[in-house]
Amino acid sequence: MNKIIAANWKMNGNISLLDSFMDSIHNENFILAVPSVYIAYAGEKRKKFILAAQDCSVFEGYGAHTGEISAEMIKEAGAEYVILGHSERRATSNFDNVNSVYKKLNNAINAGLKVILCVDEDFESLLDQKTKELIKGNLNKIVVAYEPMSAIGTGKLPSATDIETAVLDIKNKCYNVKTLYGGSVNAENIRKILGINVVDGVLIGGSSLRLDEIKKFLTN
Ligand code: PEP
């Protein structure tokens with residue numbers, strides 16, 4: 001199965017866990033989003049999966065922006081993807097909103113990164129007209145992740161029909177963009193989710209630190 005399995009460590013993990021992932025995961029459909037300080041380390045090693053960052057700056061390139069990390073730097077460090085607009089960042093408007101995510105999307109694409117663009121139940125308004133236009137022109141570089149708030153970290157998986165309906169809705173509105181599902185995915189339910197035809201893969205949070213679990217995901 002060629003569906004995408006993306007895992008987001010959030011502010012977790014360490015070098016030794018990263019080493020175990022790099023030693024034992026050989027899968028070109030697996031994307032691992034690590035804290036940005038680990039990207040260069042993994043980028044230099046011969047890893048056999050795809051590296052991602054969890055965010056990038058609204059500022060482009062280089063400049064006097066203390067603490068910021070640009071899309072260009074992420075690319076140079078060895079990541080191929082960046083996650084943008086995760087609900088944990090949108091929840092605090094100081095971190096992200098529709099406009100900052102749009103700016104970051106542009107920066108990421110211009111820097112040569114691919115993007116996993118997260119939206120929740122409110123995808124109607126998060127995928128505004130300008131964002132849709134950008135998606136339209138970059139269908140091979142942007143993947144949407146539909147992550148209902150009600151499912152993130154709660155263990156409450158929506159029904160297969162609800163997932164299918166939402167993903168189809170996103171695809172209909174956004175030029176058939178590839179769309180992942182995220183929220184309480186685990187080794188028991190992943191087969192069911194990947195079995196939904198319109199779902200192009202999954203984005204995993206909580207289970208992403210468990211190498212044994214990830215290996216099970218990858219054999220599904
Ligand atoms: C997430 O936070 O993006 C997520 C999918 O979390 P979990 O898998 O823990 O529900």
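Sequential numbering from 1 along the given sequence is applied to the chain's residues. Quantities reported herein were computed from a predicted structural model and do not represent experimental measurements. Read the numbers this way: they start at 1 and go in the same order the structure lists the ligands and their atoms.
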When distances are taken from atom 7 (P) of ligand 1, the protein heavy atom at minimum range is Gly206 N, 3.5 Å
Nitrogen or oxygen of Glu147 less than 3.5 angstrom from that of ligand 1: yes
Nearest protein heavy atom with distance in Å, relative to atom 1 (C) of ligand 1: His86 NE2, 3.3 Å
Does ligand 1 have an atom that lies less than 4.0 angstrom from a heavy atom of Leu203? yes
For atom 10 (O) of ligand 1, tell me which residue out of Gly153, Ala145, Gly205, Ser208 has the closest non-hydrogen atom. Gly153
Determine the interplanar angle of the His65 and Phe59 rings, folded into 0 to 90°, and report it as parallel if under 30°, tilted if 30 to 60°, perpendicular if over 60°. parallel
If we number the atoms of ligand 1 from 1 as shown, the ones under 4.0 Å from a heavy atom of Lys10 are 1 (C), 2 (O), 6 (O)
Any nitrogen or oxygen of Ser207, main chain or side chain, under 3.5 Å from a nitrogen or oxygen of ligand 1? no
For side-chain hydrogen bond (donor to acceptor under 3.5 Å, both in side chains), just list the numbers for Thr131 and Asp128, CA-CA rounded to whole Å, side-chain angles, deciding distance to a tenth of an Å, and then say yes or no. CA-CA 5 Å; Thr131 304; Asp128 66 348; 2.5 Å; yes
Can you sort out which atoms of ligand 1 are near Gly183, meaning under 4.0 Å from one of its heavy atoms? 5 (C), 10 (O)
When rounded to the nearest 0.5 angstrom, what is the spacing between CG in Asn107 and OH in Tyr102? 10.5 Å
In a check of ring pair (Phe, Tyr, Trp, His ring centres under 6.0 Å) between Phe21 and each of Trp9, Tyr38, Phe49, which one passes? Trp9
Roughly how far, to the nearest 0.5 Å, is the CD atom of Glu147 from the CD1 atom of Ile152? 4.0 Å
Before signing off on this row, confirm whether Ile152 and ligand 1 have an N or O atom pair separated by under 3.5 Å. no
Residues Lys104, Asp96: salt bridge by 4.0 Å N-O rule: yes
Please determine if Ser184 has a nitrogen or oxygen closer than 3.5 Å to a nitrogen or oxygen of ligand 1. yes
Just let me know how Ala151 lines up against ligand 1, side chain, backbone, both or neither, with a heavy-atom cut-off below 4.0 Å. backbone
Side chain to side chain donor-acceptor pair (under 3.5 Å) partner of Asp212, chosen from Lys215, Lys216, Arg210: Arg210
Set out, in order, the CA-CA distance, both residues' side-chain angles and the distance that settles salt bridge (charged side-chain N to carboxylate O under 4.0 Å, His left out) for Arg90 and Asp122, then state yes or no. CA-CA 12 Å; Arg90 294 194 198 257; Asp122 190 23; over 6 Å; no
